[in-house]
Amino acid sequence: MWYSQGVLRTTFLLLVGLLTTAQVSAQSDAADGRREFRAGVDAAEAGDWESARARFERAFELTERPIILLNLAAVHAELNDPRSAHQVLRRFLAEAPDSVREPQQANVESMMRELEAGAVRLTLVTSDESGELQLNGEPVSPGVELVNPNTPQTITLRVDGRVINEQTYTGAAGDEQTIRMDALVPTPREAATTVVRDEPPQEPPAGRSGLAIGLGITAAVLVI
């Protein structure tokens, strides 16, 4: 595994106790949320991480308890998806009330550093402010994006719904790469001119064949 299991697994085990005692209330959907959470814990203990992810996502949907996001982040990490894990932790820091966030903040920040070290850091740059930048089909803003290692990443620039630049990048854990996505505008091409005589001249000039061909093609790509 590309990350240190100690921090993530310890956080996961701590949350099992926290959520079953203090965080899940017995109101409306909370009973279903508690069942989903418990099922997520059982799935995680059995190593069924896909099922655990789905169960924790459903538990969070039903209860809206931000601390569930920490278990969800740990599951994403187990699934070798540091990008999603990092996004979930950022959401926790942004949405959790102080009383929930502050006791966990140091641990969360440590988890985020481990995820950053195990991900690929892409810096996306574009000079075309009118274009839409996409990462794997999802709109993103220029700047730093964490992506999963050893996985092809497709970066696309669209203008008025038309793809005008697209690149694919695959990196290893810890790689850093700057991807510049500018509009590629081809200049008009000059038509090629070809002259072929049906019959060679009777007395061709010295050093010239009887077949005269003139070919002129110019093409350029302008980066703006």
Side-chain angles (χ1 to χ4, degrees), residues 1-122 135-141 143-149 151 153 173-174:
M1 201 66 76
W2 50 263
Y3 59 88
S4 168
Q5 294 187 6
V7 172
L8 295 175
R9 288 189 180 277
T10 299
T11 299
F12 175 78
L13 293 173
L14 285 172
L15 290 177
V16 171
L18 285 169
L19 285 164
T20 53
T21 58
Q23 292 298 320
V24 181
S25 64
Q27 299 176 1
S28 67
D29 289 338
D32 289 338
R34 190 186 306 112
R35 282 191 291 270
E36 290 291 336
F37 173 77
R38 187 67 253 174
V41 171
D42 292 342
E45 290 176 344
D48 185 354
W49 301 110
E50 284 289 357
S51 178
R53 177 191 57 77
R55 295 290 192 171
F56 287 139
E57 285 179 347
R58 180 59 176 160
F60 179 74
E61 180 183 342
L62 290 168
T63 66
E64 297 185 351
R65 301 293 183 180
I67 204 166
I68 296 177
L69 295 173
L70 299 190
N71 268 18
L72 182 57
V75 170
H76 278 302
E78 290 285 354
L79 289 168
N80 289 324
D81 187 356
R83 173 179 169 82
S84 295
H86 198 272
Q87 289 176 332
V88 169
L89 293 177
R90 284 192 301 180
R91 182 176 182 182
F92 170 80
L93 293 178
E95 297 183 6
D98 292 347
S99 60
V100 176
R101 175 182 50 79
E102 290 177 355
Q104 298 294 333
Q105 183 147 352
N107 205 15
V108 168
E109 290 174 352
S110 178
M111 291 171 68
M112 292 177 75
R113 286 192 295 270
E114 290 190 30
L115 292 165
E116 290 163 8
V120 179
R121 184 185 295 268
L122 289 186
L135 178 63
N136 299 327
E138 297 183 359
V140 294
S141 300
V144 177
E145 289 284 340
L146 295 183
V147 298
N148 295 339
T151 304
Q153 309 294 327

Asks: Take Thr151 and Asn148, measure what side-chain hydrogen bond (donor to acceptor under 3.5 Å, both in side chains) needs, and give me the verdict at the end.
Replies: CA-CA 6 Å; Thr151 304; Asn148 295 339; 5.2 Å; no
Asks: Within the structure provided, determine whether Leu89 and Leu69 are in side-chain contact (heavy-atom separation under 4.5 Å).
Replies: no
Asks: How about Leu70 and Val108: do any of their side-chain heavy atoms sit closer than 4.5 Å?
Replies: yes
Asks: So which heavy atom on Ala77 is nearest to which on Ala85, and how close?
Replies: N-CB, 4.0 Å
Asks: Does any non-hydrogen side-chain atom of Thr63 lie less than 4.5 Å from one of Ile68?
Replies: yes
Asks: Enter the distance from Ile67:CD1 to Gln104:CD here, rounded to the nearest 0.5 Å.
Replies: 5.0 Å
Asks: Rounded to the nearest 0.5 Å, what's the gap from CG on Asp48 to CG on Asp42? Could you check?
Replies: 11.0 Å
Asks: More than 12 heavy atoms of other residues, nucleotides or ligands under 6.0 Å from CD of Glu138: yes or no?
Replies: no
Asks: Taking atom CD of Glu50 and atom CZ of Arg53, what is their separation to the nearest 0.5 Å?
Replies: 5.0 Å
Asks: Please name the pair of heavy atoms, one in Arg65 and one in Phe60, separated by the smallest distance, quoted to 0.1 Å.
Replies: O-CD1, 3.3 Å
Asks: Between the main-chain N or O of Ala106 and the side-chain N or O of Ser110, is there a donor-acceptor pair closer than 3.5 Å?
Replies: no
Asks: So do Met112 and Leu93 actually touch side chain to side chain, heavy atoms under 4.5 Å?
Replies: yes
Asks: Which atoms form the tightest heavy-atom contact between Pro149 and Gly118, and what is the distance?
Replies: CG-O, 3.5 Å
Asks: Quick one: list whatever passes side-chain hydrogen bond (donor to acceptor under 3.5 Å, both in side chains) with Arg90, sequence neighbours left out.
Replies: none
Asks: Taking only Lys NZ, Arg NE, NH1 and NH2, and the carboxylate oxygens of Asp or Glu, determine whether Glu95 and Arg101 approach each other closer than 4.0 Å.
Replies: no
Asks: At what distance, to the nearest 0.5 angstrom, does NE2 of His86 lie from CD of Glu116?
Replies: 3.5 Å
Asks: Do Arg83 and Glu145 pass the salt bridge (charged side-chain N to carboxylate O under 4.0 Å, His left out) test, and can you show the C-alpha distance, the side-chain angles, and the key distance before you say yes or no?
Replies: CA-CA 8 Å; Arg83 173 179 169 82; Glu145 289 284 340; 2.8 Å; yes
Asks: For the CG atom of Leu72 and the CZ atom of Phe92, what is their distance to the nearest 0.5 Å?
Replies: 12.5 Å
Asks: Using 4.0 Å as the upper bound for N to carboxylate O, is an ion pair formed by Glu61 and Arg58?
Replies: yes
Asks: State, yes or no, whether a side-chain contact exists between Asn71 and Phe37 at a heavy-atom distance under 4.5 Å.
Replies: yes
Asks: Work out which heavy atom in Leu62 is nearest to a heavy atom in Gly33; give both atom names and the distance.
Replies: CD1-N, 3.6 Å
Asks: Just so I know, are the side chains of Val75 and Phe56 near enough to count as touching, which here means a heavy-atom distance under 4.5 Å?
Replies: yes
Asks: Within a strict 4.5 Å, meaning less than it, do heavy atoms of the Val100 and Asp98 side chains meet?
Replies: no
